[in-house]
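Before any comments, here is the structure.
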Amino acid sequence: MAVAKPEAYGDVDISAVGELVADPGRCRVLLALGDGRALAASVLAAEAGVAPSTASAHLAKLTAAGLLRVERHGRHRYYRLTSARVGELLEVMMRLAPPRPVRSLREGSRAAALRAARTCYDHLAGRLGVELMSAMLAKGHLTGGDGQYDPATAVGDRPSAYGSDIDYTLTDSGRAFLAGLGVHLPPRRTAVRYCVDWSEQRHHLAGGVGHGLLARLTDLDWLHRHPANRAVQITETGKRGLAEHFALTWP
């Protein structure tokens, strides 16, 4: 009996992914899921601005390609990104893509909100994300760098991705500070990582600390996450908390 030889492969097929994200509707679906949440097909259809049947076709293609996975809760189907790598891909594309013209007050408000405060998969980004990291550096809770990104000197770092040029460390005072705030650091996970924020061109916190801060500030009602996109709104309670614990004034 002849044994089938393994199929030979050449270089990676970038065009396969490019074809998937070439459709504006599919892009809006992916962006809506960029913070790692699971959303219902009906919510994604509304966010993409397409009919439910069209959204179903988009979701089927993205799921078959391995960019999304589906979860069933009762009779309802929810979709989420398969991994943080897909979220990183979206951030990189957002950095490289040209800005989309703002054609309405709603679009302008949304763009401003995303740059002010948003999620980057499971941690905070935008101006809020970089200011939180800057505050922890100023207080000595983190050491190793200054939170700045300089493309002229960065070797391995690039915008919209995890950085590796700087070895940030959480200090003992930082652990005590986070514990006092009630931040839980996930076990068996690197405590401090950072991303080069695409809109601020500075570092924001990722890793266990970034994940823990997002979860805790949400529990404290310091921030509200948008139901269908990655924008984050700071509450009045949050403004007071940021001022008290991080010496951060939020407009």
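This is a predicted model, so every value here is computed, not measured. For this chain, numbers begin at 1 and follow the sequence in order.
Here the closest non-hydrogen pair linking T169 and V192 is C-CG2, 4.5 Å. Closest approach of V130 to R127, counting heavy atoms only: CG2-O, 3.3 Å. Residues A125 and C120 approach most closely at CB-CB, 3.7 Å, considering heavy atoms. For Y168 against D146, the heavy-atom pair with the smallest separation is OH-N, 3.8 Å. Residues L30 and L81 share a closest heavy-atom pair of CD2-CD2, 4.1 Å.
Crowding of D172 atom CG: a count of heavy atoms from other residues, nucleotides or ligands under 6.0 Å not exceeding 12. Counted within 6.0 Å of CG on D13, heavy atoms from surrounding residues, nucleotides or ligands total more than 12; the atom is thus considered enclosed. More than 12 non-hydrogen atoms from other residues, nucleotides or ligands lie less than 6.0 angstrom from NZ of K239. Annotation for Q148: atom CD counts as buried by contact number, over 12 foreign heavy atoms lying within 6.0 Å.
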Report task. Could you please spell out the steps behind the side chain to side chain contact (heavy atoms under 4.5 Å, CB included) verdict for L142 and L170? Result -> CA-CA 5 Å; L142 293 175; L170 183 64; 4.0 Å; yes
Query - Steps toward salt bridge (Lys or Arg N to Asp or Glu O under 4.0 Å) verdict (E19, R26) - result: CA-CA 10 Å; E19 182 179 353; R26 285 197 289 273; over 6 Å; no
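L213 has its side chain within reach of L178: a pair of non-hydrogen atoms, C-beta onward, lies under 4.5 Å apart. Proximity of L90 to Y121: side-chain heavy atoms (C-beta onward) are nowhere separated by under 4.5 Å. In this structure, the side chains of L242 and L132 come closer than 4.5 Å at one or more pairs of heavy atoms.
Between the OH atom of Y79 and the CG atom of L33 there is a distance of 10.5 Å, given to the nearest 0.5 Å.
Remark: R216 fails to qualify as a cation-pi partner of W222 under the 6.0 Å distance and 45° angle criteria applied to the six-membered ring.
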